[in-house]
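Both ligands and their constituent atoms are indexed starting at 1 by order of listing. All values below come from the heavy atoms of this structure, side chains included, with hydrogens, waters and symmetry mates left out.
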Amino acid sequence: MRKILINGGNFLYGNVEISGMKNAALPVIYATILANDVCILENIPTVSDVTLSLEILTDMGAKVRRINSTSVEIDTSCLAPVTPSADLVSRIRASTYLLGACLGRFGKAAVPYPGGCDIGPRPLNFHMEAFKKLGADVSNDNGMFTADAPDGLRGSMISLEIPSVGATVNSILAAVFASGTTIIHNAAREPHIIDLAGFLNNCGADIRGAGTNVIKVVGVKSLHGTSYKILPDMIEAGTYMVAAAACGGMVNICSVVPKHLEAISARLIDMGVGVEAGGDRITVTSNGFLKATDIKTGFYPGFPTDMHPQFAVLLAMAKGVSTITDSVFDNRFKYADQLEKMNANVKVSGNTAIFVGCDLKAAPVVAPDLRAGAALVIAGLAADGVTEISNVELIERGYVNIINKLRALGADIVMRVEPDAVATPSVG
Ligand code: EPU
């Protein structure tokens, strides 16, 4: 068993290099299925969700070759229309993108129920409705989602009830080869969608409007391989911005797109933190003194739900009463019990958490999911004493080299490997 140990209280100074965006890399990896050719993807983050996705493609017959730590070559020409392993698929959310990609390429898809962080109900009804609009027969039986279009898909009008990232990705993937034109209304506007469309257009697709709420996909007959570089991870960047704000010091967040970080920067500035953007970097300056504020998550370009738990740590420390309301996921508050162990004064009521600021104290805590785990790392960095975090593998789903990146900024943080408990045979 591995645990993260943090001796809190150090200021953070220096530069941190941001890796490629997990939530952009994942749809692009599954989109290589449509290319039916060799693709080279650069700036791929080495996180476990990516590794698992590459394993899923390999299991289905693709040839995957690591070129170096951030580049990968994927040849999907041998990928077969087989049902992927339920064991692999059930460990990540992004495996749902197999539905759109396989439906688009083979006219049929069967995918066991996906996994992912337990942050509230995550149905696939909008995905399935979109496939139906494109002419597929869909079902959800015996732990398996299926979509079938033996006579091919037809372009159509898809109106999403809410701008779901996953449903937008799957609608695009399925529409690339659909005959005629597909218009997706109320599409997600996240940079991940821009990356997916950028990759597919490089492969020969005709997708316009990505980054706006209306996306037009004109069906094409085939795609070809390409090389593509993934955008930097706005959530990883935001996490280091919050760490700098919580600990105090001055940190340059390097290789980012400052525009993607506007909502995060604005909230930090509200709290009295210095944020300056220039070129592809953002400098965060903090003396550790934080003002109370009220935050509400929303769809991009609103405040990202994936930054909710990290900001919760700042609100727990800020002088006065603060609130955070999550309007995207119901159950993003699992950090609350853990922060309480660290002396935080937090009460969750419906989809709002209310904080009365205080000093955090070290405690043994358990990461309940990816972003809440990152939040506990930040809490440990800012707390007095030695914090011990277990369930480290959840944090590794989305953060590349988090220990080394924080150590380079001056944090006193290590990974401790403990022998797994050996089961004692029962007697009698
Ligand atoms: N929703 C439905 N029906 C659907 C699809 C979504 O009701 O068919 C609801 C969800 O229940 C949720 C809301 O719509 O309340 C938004 O869900 P969305 O589909 O946008 O989320 P997702 O595609 O499942 C992705 C990211 C999440 C991120 C959300 C929101 C990936 C692999 N996951 O999830 O990332 O929180 O968008 O931005 O891209 C993370 O990285 O920690 C993470 C959880």
Minimum-distance protein heavy atom relative to atom 2 (C) of ligand 1: F126 CE1, 3.3 Å
Contact check, side chains of D233 and S19, non-hydrogen atoms, under 4.5 Å: no
Ligand-side contact atoms (ligand 1) for residue partner R332, heavy atom cut-off under 4.0 Å: 36 (O), 42 (O), 44 (C)
Salt bridge R91-D87, side-chain N to carboxylate O under 4.0 Å: yes
Mode of M21 contact toward ligand 1 - side chain, backbone, both, neither (heavy atoms, under 4.0 Å): neither
Electrostatic pair R397:D49 at N-O distance under 4.0 angstrom: yes
Parallel, tilted or perpendicular, as decided by the 30° and 60° cut-offs, for the rings of F303 and F311: perpendicular
Ligand 1 atoms in contact with T305 (distance to a heavy atom under 4.0 Å): 30 (C), 36 (O)
Basic-acidic side-chain contact under 4.0 Å: R416, E388: yes
Identity and separation of the nearest protein heavy atom to atom 14 (O) of ligand 1: I162 CD1, 2.9 Å
Contact atoms of ligand 1, heavy-atom distance to L370 under 4.0 Å: 42 (O)
Heavy atom of the protein closest to atom 3 (N) of ligand 1 (residue, atom name, distance): N125 OD1, 2.7 Å
Salt-bridge contact R371-D369 (side-chain N to carboxylate O under 4.0 Å): no
Contact with ligand 1 for P123, non-hydrogen, under 4.0 angstrom: yes
Part of V169 within contact of ligand 1 (heavy atoms, under 4.0 Å): neither
Nitrogen or oxygen atoms of P163 and ligand 1 under 3.5 Å apart: no
Which segment of S164 sits under 4.0 Å of ligand 1 when only heavy atoms are counted: both
Structural part of L124 in contact with ligand 1, heavy atom criterion under 4.0 angstrom: backbone
Gap between atom CD1 of I4 and atom CD1 of I395 - 0.5 Å precision: 4.0 Å
Residues E236, K22: salt bridge by 4.0 Å N-O rule: no
Candidate pair I324 and H308, rule side-chain contact (heavy atoms from CB on, under 4.5 Å), full reasoning: CA-CA 8 Å; I324 188 158; H308 161 171; 3.7 Å; yes
Region of D306 that comes within reach of ligand 1 [heavy atoms, distance under 4.0 Å]: side chain
Residue and atom name of the nearest protein heavy atom (relative to atom 11 (O) of ligand 1), distance in Å to one decimal: P121 O, 2.8 Å
I40 side chain near Y228 side chain, heavy-atom distance below 4.5 Å: no
Numbered atoms and elements of ligand 1 in range of Y97, under 4.0 angstrom, heavy atoms: 39 (O)
Part of I119 within contact of ligand 1 (heavy atoms, under 4.0 Å): side chain
Contact check, side chains of R2 and E396, non-hydrogen atoms, under 4.5 Å: yes
Protein heavy atom at shortest distance from atom 24 (O) of ligand 1: R122 NH2, 3.1 Å
Test item: T32 side-chain N/O and C39 main-chain N/O as donor-acceptor pair under 3.5 Å: no
Option among L360, V242, L381 that satisfies the side-chain contact (heavy atoms from CB on, under 4.5 Å) test with V313: L360
Atom 29 (C) of ligand 1: nearest protein contact (heavy atom, Å): F329 CE1, 3.8 Å
Heavy-atom nearest neighbour in the protein, as seen from atom 23 (O) of ligand 1, with distance rounded to 0.1 Å: G166 N, 2.9 Å
Contact partition for K22 relative to ligand 1, non-hydrogen atoms under 4.0 Å: side chain
Atom 25 (C) of ligand 1 - nearest protein heavy atom and its distance: V165 CB, 4.0 Å
